[in-house]
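Shown next, in C-alpha cells, is the structure this report addresses.
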Amino acid sequence: MSFPLLTATAALPAIGAVATAAVPAARRTAAKWLALVFSLATLVLAGIALARFEPGGDRFQLTESHAWIKDFGVRYELGVDGIGVALMALTALLIPFVILAGWHDADPLETNSSRWRPTQGFFALILMVEAMVILSFEATDVFLFYILFEAMLIPMYFLIGGFGDRAHTGSDENAAAQRSYAAVKFLLYNLVGGLIMLAAVIGLYVVAGSFSLSEIAEARANGTFSMATGTERWLFLGFFFAFAVKAPLWPLHTWLPNAMGEATAPVAVLITAVVDKVGTFAMLRFCLQLFPEASKWATPVILVLALISIVYGALLAVGQRDIKRLIAYASISHFGFIILGIFAMTSQGQSGATLYMVNHGISTAALMLVAGFLISRRGSRLIADYGGVQKVAPVLAGTFLIGGLATLSLPGLAPFVSEFLVLVGAFAAYPAVGIIATTGIVLAAIYVLVLYQRTMTGPVKAEVQGMADLKARELVVVVPLIALLLFLGVYPKPLTDIVNPAVRHTMSDVQKKDPQPEVEAAK
C-alpha cells in the first residue's frame, strides 16, 4: 500500500492540536513553538502532494478509499483535483503565518493577572481548523465532507468567542458581549445552512444509492443513474444554500463582519482566507458536478446575487469607520466575484474564480495581518484614530499599502489576474453582468485608497507619535506573502497549469462550451 499522503497531511495538524493542548499551562512558549513546528511540517507534506500532482493526469489523484460505515454506504474516500490541491496548499501555507502573527494574542492580560487566556487552547484550535479544512478539500465522499463541513464550526466558534480582539473601545463586559454575539451568530447561520444540507445529503443517497462522487459519476456516465428535474433542483438548492452561507453570499453574509470584527486579526484571516473558501470550493466540487442541470437552471438568480454582493459589499466598505469591518465587507465583494466566475459557466470565469480563491487568501492575509499589527500598537480599530503613520512606521505603512493595492487588484499583483479572468468569462457569456461587475473595481479603489490616506498620510496624530515599526517576527509574516503576491502577479502560469485541467472537467460536467466571439465577415 502506498503512503497515504492526503491522510497524513490532514492528520498531522490534528495530532499537533492534541500535542499542543497537552503542553503544561506554564509552558506557553513551548506550546507556541510546537504548534508552529507542526504547521511547518504540514506545509512540507502539502508541498509534496502539490509536487506529486500531475496536471495532465487523472481527475482525482493521490486517492484513498476505505470502507467506513458499510451499512450506510459511507466510505473514507479522498482525492484531489487541481482545485483541491491548490486550496490545500494555500491552507497549509497560511497557517504558519497565522500562528506567528498571533504569537501573543492568547497570552495572559498583563493588566489583570486574574484573567487567563489559555495559550495552548488558542493554537490547538487553529491547528484543528487546519486539519478539518484540509480534509474537506480532499474528501470525495459527500457524507465525509458534510461531517467536516459542520465540525469545523466548533473550533471556530471558540476562537471567535473565546479569543476576541483586545482593541475594543467599550468596557470589558461590552467587549465580551460583542464577542459572544459574533460567535453565536456565526454558529447559528452556519448550522442552519448545514442542517438544510444534511437533508439534501440524505436525499442524494436516497436517489443515488451512494455518497461517492466517483460512483455517482460512473453511474451517470453508464446511463444507470439519473435524477428527475424537480428532485435535482431541490437537492441543488439544499447544497447551494449551505455553501452560500459559508461563502458568504448576499443576503446570507451578515455574520461575517461581526465575526471578523470581534476576532483577533489571525483568526479573521482564518475565517475569510481559509474557512470561507470551503463554500466556494464546494460549489465547484459538488453543486456543478452532482447537479449540472440544476446549476444551469439556477445560474440567472445566482449571478444577480453575486452582482449584489460585489456592489453592496464594496459600497459598505466605502462607508466603514472600523478597519477590520472594512476588510470584511471588501471580502464579501470579492466572494461575489468568485461566485460570478463559477456560475458564468466559462473556462476563463472558472479558472479566474479558482485563482481568485488562492490570491484572495494571500492578499487578505497580508492586509488583515498588517492591519492587526497596526491595531495592536494603537489599541483601536477606528480609522479616525490614526493619521501620519507612514512618517513614524514607514515599513508598516508600505506593507499595508501593498496589501491594499492587491485588494483592489492592481495590475502586477496576483488578484489582478484572477479578477481579469472572471470579468473576461462574465463578459463572454453575459455582457451586461460583466459591465455591472466592473463597478466593484472602481469602488475597491475608493475604499482602499481612502483607508490608506486616512490612516497613513497627513499630520502625525499624538497617539501614534511613538508607534514602532514592524519587528522581525512581523516581517517574517508579511514579506513572504508580499513576495507571493508579486510573483503570482507577474507569473501565474504554475498555478493556472494546475487549475485549468480541473476546470475543463467541471465544464464537461455541466456540458458547457465557451462562447465563440462573433467576427464580422470582411467586406
Look only at the side chain of [X] and the backbone of [Y], and say whether a donor-acceptor pair between them is shorter than 3.5 Å.
X	Y	result
Lys461	Gly387	no
Ser309	Leu249	no
Ser65	Glu77	no
Gln120	Pro24	yes
Asp469	Leu396	yes
Arg381	Ile375	no
Lys324	Gly372	no
Arg321	Ala384	no
Thr407	Gly403	yes
Ser180	Ala177	no

Given the rule in the ring pair (Phe, Tyr, Trp, His ring centres under 6.0 Å) test, do His253 and Tyr312 qualify, once you have shown the distances and angles that lead to the verdict?
CA-CA 11 Å; His253 67 285; Tyr312 174 83; 5.2 Å; yes
Do other residues, nucleotides or ligands put more than 12 heavy atoms under 6.0 Å from [X] [atom1]?
X	atom1	value
Arg473	CZ	yes
Tyr76	OH	yes
Arg454	CZ	no

Consider only side-chain N and O atoms of Tyr356 and Thr280, and report whether a donor and an acceptor are under 3.5 Å apart.
no
Pairs touching residues 367-394 that satisfy ring-ring contact (aromatic ring centres under 6.0 Å, His included), sequence neighbours left out:
none
Please walk me through it: do Trp255 and Phe186 pass ring pair (Phe, Tyr, Trp, His ring centres under 6.0 Å)?
CA-CA 5 Å; Trp255 62 267; Phe186 161 82; 5.4 Å; yes
Among residues at least two apart in sequence or on other chains, which ones pass salt bridge (charged side-chain N to carboxylate O under 4.0 Å, His left out) with [X]?
X	value
Glu138	none
Lys277	none
Arg325	none

Any side-chain heavy-atom pair from Gln320 and Leu451 closer than 4.5 angstrom?
no
Can you tell whether the side chains of Glu474 and Arg377 come within less than 4.0 Å, N to carboxylate O?
yes
Sequence neighbours left out, what pairs pass side-chain hydrogen bond (donor to acceptor under 3.5 Å, both in side chains) with at least one residue falling in residues 81-100?
Asp81-Arg285
Tyr181: which residues meet the ring-ring contact (aromatic ring centres under 6.0 Å, His included) condition with it, sequence neighbours left out?
none
